Amino acid sequence: MTVHVSPATPSGAPGPPGRLRTAWAAAHAPVPGVRRWARIAAYAVPLTVLPSSLWRVAVVLFDEGTAEKTGNLPVWLPLPVYVVLLSVFSELVAFTAVGLIAAWGEAVPRWVPLLRGRRVPTAAAAVPAALGAVLLTVLWTAAFVADAAGVTLRGDPAPRDFPTAAGGWEAAVFYFYACYVPLLWWGPLLAAVTVAYVRRRSRAGSAATR
């Protein structure tokens with residue numbers, strides 16, 4: 001009788017299932033021609049969003065005062081559910097930057113119905129990415145400028161319970177520096193990866209027509 005043992009990680013714990021590991025590698029593997037700096041920048045984009053996502057989820061789950069607030073949300077959408085969905089959505093949007101260096105950014109994955117295997121036009125990926133990079137850069141820069149001025153994006157005075165207005169080391173470290181400052185890099189990093197994507201696809205197209 002043959003016993004199959006899952007490969008162990010460096011820490012000695014069993015590794016993830018083979019299919020999950022394969023899918024993970026396929027989603028992140030760069031295509032030929034990707035510059036090293038572009039690969040690092042693409043991988044860094046989801047990491048710029050992760051600290052703030054984890055902070056939001058931790059606050060809404062463990063701070064009873066925050067969890068009871070509903071704001072402008074409809075009564076059928078609890079705040080914890082909204083925050084978790086927002087954080088997951090943010091990470092998924094940020095992860096699309098990896099597509100600018102991976103195969104699924106150049107050809108539609110085979111598991112996508114109707115479009116499977118079709119070539120992704122350069123503009124179809126580059127234009128949304130470029131617009132997103134500009135929007136994110138403007139949005140988060142404006143948000144930090146407004147926060148430094150003690151107002152909201154609308155120009156209204158920041159509420160007293162606003163995290164950075166509350167003061168203390170919690171606001172300075174966890175909220176401002178460790179969690180939200182990385183968001184300032186989201187737009188510029190995405191812009192850099194987008195430029196590299198367009199250049200690479202253009203070079204590949206030129207080589208194909210020779």
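For clarity, every value in this text was computed on a predicted model and none was experimentally measured.
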Pair E106 + R200, salt bridge at N-O below 4.0 Å = yes
key: Which atom of V98 lies closest to which atom of A27, heavy atoms considered   = CG1-O, 3.5 Å
task = Indicate yes or no: at least one non-hydrogen side-chain atom of T137 is less than 4.5 angstrom from one of T141.
result = yes
request  = Scan residues 27-43 for pairs that pass side chain to side chain donor-acceptor pair (under 3.5 Å), counting only residues two or more places apart or in two chains.
outcome  = none
note = A129 and T194 have their tightest heavy-atom pair at CB-OG1, 3.3 Å
inquiry  = Please report the interatomic distance OH(Y180) to OG1(T48), rounded to the nearest 0.5 Å.
reply    = 12.5 Å
ask   = Minimum heavy-atom separation for W140 to L184, with atom names?
value = O-CD2, 3.6 Å
query = For the hydrophobic clusters of this structure (ILVMFWY residues joined by side-chain heavy atoms under 4.5 Å, transitively), does one cluster hold both W55 and V49?
reply = yes
inquiry  = Quick one, L183 and S52 - any side-chain contact, counting heavy atoms below 4.5 Å?
reply    = yes
inquiry  = Under the criterion side chain to side chain contact (heavy atoms under 4.5 Å, CB included), I'd like the reasoning laid out for V181 against F144: C-alpha separation, chi angles, the key distance, then a yes or no.
reply    = CA-CA 8 Å; V181 164; F144 275 86; 4.0 Å; yes
remark   = Here the pair of heavy atoms bringing L190 nearest to L100 is CD1-CD1, 4.0 Å
ask   = Are any non-hydrogen side-chain atoms of Y82 and L79 less than 4.5 angstrom apart?
value = yes
inquiry  = Side-chain heavy atoms nearer than 4.5 Å, only ILVMFWY residues, links allowed to pass through others: does that put V127 and V108 together?
reply    = no
inquiry  = Quick check: is L131 connected to W185 through a chain of hydrophobic side chains (ILVMFWY, heavy atoms under 4.5 Å apart)?
reply    = no
ask   = Should V57 and L54 be counted in the same cluster of Ile, Leu, Val, Met, Phe, Trp and Tyr side chains packed under 4.5 Å apart?
value = no
message = Quick check: is L189 connected to I40 through a chain of hydrophobic side chains (ILVMFWY, heavy atoms under 4.5 Å apart)?
response = no
inquiry  = Can you confirm whether V31 sits close enough to I101 that some side-chain heavy atom of one is under 4.5 Å from a side-chain heavy atom of the other?
reply    = no
message = To check you understand the geometry: which heavy-atom pair defines the closest contact between Y197 and A125, and what is its length?
response = OH-CB, 3.5 Å
key: Partner residues of W104 under the ring pair (Phe, Tyr, Trp, His ring centres under 6.0 Å) criterion, sequence neighbours left out   = F95
task = Could you go through the side chain to side chain contact (heavy atoms under 4.5 Å, CB included) check for V81 and L85 one step at a time?
result = CA-CA 6 Å; V81 175; L85 292 178; 3.9 Å; yes
note = In this structure, OG of S87 is separated from CG of L50 (nearest 0.5 Å) by 9.5 Å
ask   = Under a 4.5 Å cut-off applied to non-hydrogen side-chain atoms, are R56 and S90 in contact?
value = yes
query = To the nearest 0.5 Å, how far apart are CZ in F89 and OG in S53?
reply = 11.5 Å
request  = Identify the two heavy atoms, one from V193 and one from A97, that lie closest to each other, and give their separation to 0.1 Å.
outcome  = CG1-O, 4.0 Å
